[in-house]
Chemist: 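Just passing along the structure, written as structure tokens.
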Amino acid sequence: DYIGLCDGFVPVPDRLRDLSLSGLEMLQVNNAGDESHEWIFEKSTMVGVGQGDNVISMKRKKFFSNEVDRYFTEDVSVLTQRVDQLEMELSSMRAKMELLLAAATDTTASAVNDGAVASADE
């Protein structure tokens, strides 16, 4: 009766279902106090009850998807911030490298010119 409420699930073979139901009938549940509670199914909206404990709600079937989306969004946000930081660091390092290469080129050119002048004087 409840399989129709669970999108994406496939009923188990009858033999396994019968075995499971037999096992459930053998369970002894102590309903005294808060030790155990009976589970109920929310087939239609049960205001104030449907989101309670021990309720299998047809509206909660997307809980897993929502949790995955939430974690994914949080993770992506952190990674995006880290990528932005690394891109800024890379840009800064490239600028420094260009300055170092320009300075090295100027120094090499000066040394070559100084050497050329010195060899011309000899």
Side-chain angles (χ1 to χ4, degrees):
D1 185 35
Y2 302 112
I3 294 294
L5 298 175
C6 303
D7 293 334
F9 287 94
V10 176
V12 297
D14 288 339
R15 185 172 164 210
L16 180 57
R17 180 182 178 277
D18 293 342
L19 178 65
S20 299
L21 290 174
S22 297
L24 288 174
E25 289 173 7
M26 294 181 346
L27 288 177
Q28 294 180 359
V29 180
N30 180 0
N31 287 323
D34 289 333
E35 293 181 32
S36 64
H37 299 280
E38 183 178 348
W39 284 78
I40 61 171
F41 289 90
E42 179 192 33
K43 290 185 177 182
S44 62
T45 301
M46 299 171 70
V47 178
V49 177
Q51 57 184 323
D53 292 337
N54 304 319
V55 177
I56 299 174
S57 171
M58 49 190 303
K59 293 182 179 177
R60 283 199 217 174
K61 65 184 174 184
K62 299 210 184 234
F63 174 78
F64 179 74
S65 298
N66 293 339
E67 285 298 292
V68 168
D69 289 346
R70 184 173 66 89
Y71 286 117
F72 181 73
T73 301
E74 289 174 4
D75 289 346
V76 168
S77 176
V78 169
L79 292 173
T80 300
Q81 291 173 2
R82 182 69 178 138
V83 167
D84 290 345
Q85 178 186 6
L86 291 171
E87 285 177 343
M88 287 181 7
E89 289 177 17
L90 179 60
S91 178
S92 174
M93 293 171 116
R94 283 183 174 156
K96 289 177 184 176
M97 183 63 76
E98 287 176 15
L99 289 173
L100 287 170
L101 287 172
T105 302
D106 289 346
T107 303
T108 303
S110 294
V112 167
N113 288 339
D114 290 345
V117 170
S119 59
D121 289 340
E122 293 178 5

Chemist: Suppose we screen for side-chain hydrogen bond (donor to acceptor under 3.5 Å, both in side chains). Which residues come up paired with R82, at least two apart in sequence or across chains?
Modeler: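 Scan of R82 (side-chain hydrogen bond (donor to acceptor under 3.5 Å, both in side chains), adjacent residues dropped) gives Q85.
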Chemist: Kindly write out the residues that satisfy side chain to side chain contact (heavy atoms under 4.5 Å, CB included) with D84, not counting sequence neighbours, or none if the list is empty.
Modeler: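 Side chain to side chain contact (heavy atoms under 4.5 Å, CB included) check on D84 returns T80, E87.
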Chemist: Of all residues at least two apart in sequence or in a different chain, which pass the side chain to side chain contact (heavy atoms under 4.5 Å, CB included) check with L21?
Modeler: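 L21 satisfies side chain to side chain contact (heavy atoms under 4.5 Å, CB included) with R17, L24 once adjacent residues are dropped.
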Chemist: Transitive ILVMFWY cluster of L101 at side-chain heavy atoms under 4.5 Å: who else is in it?
Modeler: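 M97, listed by chain and number.
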